[in-house]
Amino acid sequence: MKVINYLCAFLASFFVVACHSDINPQYDKGKLVSVSLSINGDVSVDGDLPIEKSLSRVAGNDLIGVQVYYKSKEDRDPYKPFAYGLFDDLTSAQVSLYDNMIYKVEATTVANGKNLIAQYSSYNYRAPFTLTGSADGAPVTNAFVRSSTISFGGLSVGASALVEGTSYKSYTRPNTDRCWGQVVGFTPTGANAIAITTKRVIFGVRFITEGLSEGALHITITGSPIIVVPSPDATSRDYYITMQGSAAVAEGWIGVDYSETVSVDVKWVKGDGVQIPVNVKNFTFKRGRLYPITVKLRNSESSKGFTVDVDNSSLIEELNQTITQ
């Protein structure tokens, strides 16, 4: 019995040390205080992208990843991972922070993420919710897990693993509605709440077709799933693309003038399966802008001579480019 008691005491002391090994004893962390978390979503982006009116949102289907970093007030080194959590509801989100430390809190939301983001066999979610320091992703727990060795590593870039049939495929510019934001330099002294303002990190493309009498247009934007615009002609079809971003400058992709230049490859796949290349051209897309593009197909006897014309007169953000075959 004494041996068992000694063993239990040893294991208890081991787990206490293990749980606190992520805290650097060099600094006085202060005492733990409970802080609530809220996210102020970006309803509109400079009035350019009316997403809230365009998308149907179902409560509980969004995925919200939050990563907390910390450092001492005297520490000049970069922030270190402190805690992470994946949520579908922030109503009761709480995190315990040391009141003598400084924190950076990063958050991203994928609208309808439960239906779009692929899962591991463990049912934990893949990118952008893959965990560094782990061979797995994060589950939805609506709670924080404190760790200095395991953290979200992809919240500040667009790369995501999307469900495709019974499998998945990874894209650097997925067709998802995504928000991102962060708070830097937060101290819990005298404050019991963290409010993060997030902005949409997407651009929109509206394809308008003329002369699409059969088959479908297959449009590939670099890093994105193929966009299929079927015949007959549709008045317009809107597609939202998450930007690629850069982990090196995380806050860069929420800038008002942030843009990415990407290739747009247009093909006409006719009813008999014959693919007719239209053209490939680079376009520069700004965050939060909606780009109407008119695709005009002109058929000749040899099934050539198809062109894509960009209707600059209807652009919210003028492209000043024309694609021709």
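Because the structure is predicted, anything quoted here is derived from the model rather than measured.
There is no path of hydrophobic side-chain contacts, each under 4.5 Å, that joins Tyr120 to Tyr125. No chain of hydrophobic side-chain contacts below 4.5 Å, direct or via other Ile, Leu, Val, Met, Phe, Trp or Tyr residues, connects Val157 to Val105. Both Val95 and Leu32 are part of a single hydrophobic cluster, where members link through side-chain heavy atoms under 4.5 Å apart. Under the 4.5 Å side-chain heavy-atom criterion for ILVMFWY residues, a single connected hydrophobic cluster contains both Ile219 and Tyr239. Side-chain heavy atoms closer than 4.5 Å link hydrophobic residues (I, L, V, M, F, W, Y) into clusters, and following such links, even through other members, never connects Val229 to Val269.
The closest side-chain heavy-atom distance from Met101 to Ser72 is below 4.5 Å. With contacts defined as side-chain heavy-atom distances shorter than 4.5 Å, the pair Asn192/Val35 does not qualify. Considering only heavy atoms from C-beta on, Glu106 comes within 4.5 Å of Ser156 through its side chain. You'll find the side chain of Leu37 reaches within 4.5 Å of the side chain of Ile196, heavy atoms only. The shortest distance between side-chain heavy atoms of Met243 and Arg173 does not fall below 4.5 Å. A 4.5 Å side-chain heavy-atom check between Val228 and Leu217 finds every atom pair outside the cut-off. Residues Ile117 and Leu63 have side chains in contact (heavy-atom distance under 4.5 Å, counting atoms from C-beta outward). Within the 4.5 Å cutoff, no side-chain heavy atoms of Phe283 are placed close to those of Thr261.
At distances below 3.5 Å, at least one donor-acceptor pair connects side-chain atoms of Gln67 with backbone N or O atoms of Ala83. At distances below 3.5 Å, at least one donor-acceptor pair connects side-chain atoms of Asn124 with backbone N or O atoms of Gly137. In this structure a side-chain-to-backbone donor-acceptor pair under 3.5 Å is missing from Trp268 to His218. Asn175 places no side-chain N or O within 3.5 Å of a backbone atom of Ile241 that could act as its donor or acceptor partner. Not a single donor-acceptor pair under 3.5 Å links the side chain of Ser160 to the backbone N or O of Tyr171. Side chain of Thr209 to main chain of Leu212: no donor-acceptor pair is present (N/O by atom type, distance under 3.5 Å, no hydrogens or angles). Between the Lys114 side chain and the Gly60 main chain, a donor and an acceptor come within less than 3.5 Å of each other. No donor-acceptor pair under 3.5 Å is formed between the side chain of Ser34 and the backbone N or O of Ser96. Not one N or O on the side chain of Asp88 forms a donor-acceptor pair closer than 3.5 Å with the backbone of Asp62. Checking side-chain atoms of Ser151 against main-chain N and O of Thr149 turns up no donor-acceptor pair under 3.5 Å.
Distance check: Glu210 CD to Ile208 CD1 gives 8.0 Å after rounding to the nearest 0.5 Å. Here the OG atom belonging to Ser36 is positioned 5.5 Å from the CD atom belonging to Gln94, to the nearest 0.5 angstrom. One finds the CG atom of Asp265 at 8.5 Å from the OG1 atom of Thr222 (value rounded to the nearest 0.5 Å). Between Glu214 atom CD and Lys270 atom NZ the span is 4.5 Å, to the nearest 0.5 Å. Here Lys104 contributes atom NZ and Gln182 contributes atom CD; the two are 5.5 Å apart, rounded to the nearest 0.5 Å. The structure places CZ of Arg200 at 9.0 Å from OG1 of Thr109, a figure rounded to the nearest 0.5 Å.
Here the closest non-hydrogen pair linking Asp177 and Thr242 is N-OG1, 4.4 Å. Nearest approach of Gly153 to Thr132, heavy atoms of both residues: CA-CG2, 3.7 Å. Across every non-hydrogen atom of Asp99 and Lys73, the tightest pair is O-NZ, 4.4 Å. Here the shortest heavy-atom pairing between Val110 and Pro128 reads CG2-CG, 4.2 Å. In terms of heavy atoms, Val163 sits closest to Gly165 at CG1-O, 3.8 Å. Across every non-hydrogen atom of Ala138 and Leu86, the tightest pair is O-CD2, 3.4 Å.
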### Task
Evaluate the side chain to side chain donor-acceptor pair (under 3.5 Å) criterion for residues Arg178 and Thr108: first the C-alpha distance (whole Å), next the side-chain angles of each, then the deciding distance (0.1 Å), finally the verdict.
CA-CA 7 Å; Arg178 181 93 171 265; Thr108 194; 2.6 Å; yes

### Query
Given Thr220 and Ile227, is the side-chain contact (heavy atoms from CB on, under 4.5 Å) satisfied, shown in steps?
CA-CA 6 Å; Thr220 303; Ile227 295 172; over 6 Å; no

#### Entry: Stepwise side-chain contact (heavy atoms from CB on, under 4.5 Å) check, Asp136 with Leu131
CA-CA 6 Å; Asp136 206 348; Leu131 296 170; 5.8 Å; no

### Task
Apply side chain to side chain donor-acceptor pair (under 3.5 Å) to the pair Thr91 and Asp89, showing each step before the final yes or no.
CA-CA 6 Å; Thr91 303; Asp89 182 6; 2.5 Å; yes

### Query
Checking side-chain contact (heavy atoms from CB on, under 4.5 Å) for the pair Glu251/Trp180: CA distance, chi angles, key distance, verdict?
CA-CA 9 Å; Glu251 67 278 6; Trp180 181 90; 4.2 Å; yes

### Task
I would like to know whether Val264 and Phe285 meet side-chain contact (heavy atoms from CB on, under 4.5 Å); could you show each step before the answer?
CA-CA 11 Å; Val264 178; Phe285 297 109; 4.2 Å; yes

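For the pair Glu260 and Lys286, the salt-bridge criterion is not met [side-chain N within less than 4.0 Å of a carboxylate O]. Electrostatic pairing of Lys71 and Asp77 does not count as a salt bridge here, judged by no charged N lying under 4.0 Å from a carboxylate O.
Within the structure, no pair that satisfies the salt bridge (Lys or Arg N to Asp or Glu O under 4.0 Å) test touches residues 156-168, not counting sequence neighbours.
A cation-pi arrangement is absent between Arg287 and Phe203, since the terminal nitrogen or guanidinium carbon is not both under 6.0 Å from the aromatic centre and inside a 45° cone about the axis. Remark: Arg206 is not positioned above the aromatic ring of Tyr291, lacking an NZ or CZ atom under 6.0 angstrom from the ring centre and at most 45 degrees off the axis.
Just one of Phe87, Phe152, Tyr84 meets the ring-ring contact (aromatic ring centres under 6.0 Å, His included) condition when paired with Phe144; it is Phe87. Here the rule is ring-ring contact (aromatic ring centres under 6.0 Å, His included) with Tyr103, and of Phe186, Tyr69, Tyr79, Phe82 only Phe82 fits it. The side chain to side chain contact (heavy atoms under 4.5 Å, CB included) test with Thr176 singles out one residue from Leu162, Asn112, Ile202, and that residue is Leu162.
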